[in-house]
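Small disclaimer: the values here were computed from a predicted structure and weren't measured. Atom set for the values below is all heavy atoms of this structure, side chains included, hydrogens, waters and symmetry mates excluded.
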Amino acid sequence: QVQLVESGGGSVQAGGSLRLSCVASGRTFSRHVMGWFRQAPGKEREFVAAINWSGYSTYYADSVKDRFTISRDNAKNTVYLQMNSLKSEDTAVYSCAARNDISISTMGADYDYWGQGTQVTVSS
């Protein structure tokens with residue numbers, strides 16, 4: 001069982017930055033692929049970024065590529081999402097998720113554990 005708790009959300013002006021953190025409980029964190037997803041009001045949940053167990057392989061949605069960076073610290077059971085050059089369309093609830101598998105997936109249904117989410121609001 002893995003429990004995930006996100007933090008770091010908030011309100012920021014367009015062009016600003018935020019860093020989200022997701023702390024995982026459980027001793028198997030380092031074996032999980034970790035992902036970030038987001039859901040804006042009235043929209044479906046969408047994939048943002050994912051990272052494999054070692055941190056050497058990452059994957060991003062086209063909409064955030066070159067602006068967001070996902071990373072992880074297995075010693076701290078934590079995955080991060082550094083968000084730069086934020087846009088109003090990045091406004092959403094951001095959730096981290098853990099997948100008990102070695103391969104990265106962009107599909108939410110492939111992830112086994114989810115956090116509660118943290119709100120990110122970008123004003124233009």
Side-chain angles (χ1 to χ4, degrees):
Q1 188 78 8
V2 176
Q3 292 183 325
L4 306 173
V5 179
E6 303 96 336
S7 63
S11 297
V12 64
Q13 289 193 329
S17 298
L18 283 174
R19 188 195 198 199
L20 305 183
S21 299
C22 173
V23 179
S25 65
R27 291 176 289 179
T28 60
F29 171 79
S30 61
R31 304 176 191 174
H32 288 76
V33 164
M34 298 299 297
W36 285 97
F37 292 77
R38 67 186 182 186
Q39 187 166 20
K43 295 187 176 181
E44 292 187 354
R45 182 176 62 195
E46 65 173 349
F47 169 79
V48 176
I51 188 168
N52 77 332
W53 70 273
S54 67
Y56 285 111
S57 180
T58 58
Y59 192 79
Y60 297 91
D62 287 343
S63 59
V64 306
K65 201 173 295 184
D66 298 326
R67 298 189 299 123
F68 290 10
T69 302
I70 188 171
S71 61
R72 67 190 296 164
D73 185 338
N74 288 339
K76 296 182 178 180
N77 279 13
T78 303
V79 61
Y80 304 97
L81 186 68
Q82 177 66 44
M83 305 186 295
N84 298 328
S85 302
L86 283 161
K87 306 175 181 179
S88 57
E89 51 262 45
D90 294 319
T91 294
V93 174
Y94 285 71
S95 299
C96 70
R99 182 177 192 223
N100 191 15
D101 198 281
I102 62 172
S103 59
I104 285 177
S105 173
T106 64
M107 305 293 293
D110 288 339
Y111 287 76
D112 303 290
Y113 307 100
W114 291 83
Q116 296 277 26
T118 184
Q119 176 71 46
V120 171
T121 303
V122 184
S123 57
S124 57

Are any side-chain N or O atoms of [X] and backbone N or O atoms of [Y], one a donor and one an acceptor, separated by less than 3.5 Å?
| X | Y | value |
| --- | --- | --- |
| Glu6 | Cys22 | no |
| Tyr111 | Ser105 | yes |
| Tyr80 | Asp73 | no |

Q: Give the cluster check for Met34 versus Val64: same hydrophobic cluster or not, with ILVMFWY residues linked at side-chain heavy-atom distances below 4.5 Å.
A: yes
Q.
If hydrophobic clusters are built by linking Ile, Leu, Val, Met, Phe, Trp and Tyr wherever their side-chain heavy atoms come under 4.5 Å apart, do Val48 and Val12 end up in the same one?
A. yes
Interatomic spacing from [atom1] in [X] to [atom2] in [Y] - rounded to 0.5 Å:
| X | Y | atom1 | atom2 | result |
| --- | --- | --- | --- | --- |
| Leu4 | Ser25 | CG | OG | 7.0 Å |
| Phe68 | Thr58 | CZ | OG1 | 14.0 Å |
| Met83 | Thr69 | CE | OG1 | 11.0 Å |
| Trp36 | Phe47 | CH2 | CZ | 12.5 Å |
| Ile104 | Ile51 | CD1 | CD1 | 7.5 Å |
| Ile102 | Trp53 | CD1 | CH2 | 10.0 Å |

Q: Scan for salt bridge (charged side-chain N to carboxylate O under 4.0 Å, His left out) pairs involving residues 95-120, sequence neighbours excluded, and state none if there are none.
A: Arg99-Asp101
Q: Mind jotting down which residue pairs meet the salt bridge (charged side-chain N to carboxylate O under 4.0 Å, His left out) criterion with at least one end in residues 43-60? Sequence neighbours excluded, please.
A: Arg38-Glu46
**Q.** Residue pair Ser95 / Gly117: nearest heavy atoms and the distance that separates them
**A.** OG-CA, 3.5 Å
**Q.** Nearest heavy-atom neighbours spanning Ala92 and Ala40
**A.** CB-N, 3.8 Å
Q | Residues in ring-ring contact (aromatic ring centres under 6.0 Å, His included) contact with Trp114, at least two apart in sequence or another chain | A | Phe37
Q: Could you pull out all residues at least two apart from Arg67 that satisfy side-chain hydrogen bond (donor to acceptor under 3.5 Å, both in side chains)?
A: Asp90
Q) By side-chain hydrogen bond (donor to acceptor under 3.5 Å, both in side chains), which residues pair with Asn74, not counting sequence neighbours? A) Arg72
More than 12 heavy atoms of other residues, nucleotides or ligands under 6.0 Å from [atom1] of [X]: is that the case?
| X | atom1 | value |
| --- | --- | --- |
| Tyr113 | OH | yes |
| Gln3 | CD | no |
| Gln116 | CD | no |

Q: Sort out for me which residue in Thr91, Leu81, Leu20 forms a side chain to side chain contact (heavy atoms under 4.5 Å, CB included) with Val120.
A: Leu20
Q. Does anything in residues 7-21 pair up under side chain to side chain donor-acceptor pair (under 3.5 Å), and if so which pairs, sequence neighbours excluded?
A. Ser17-Asn84
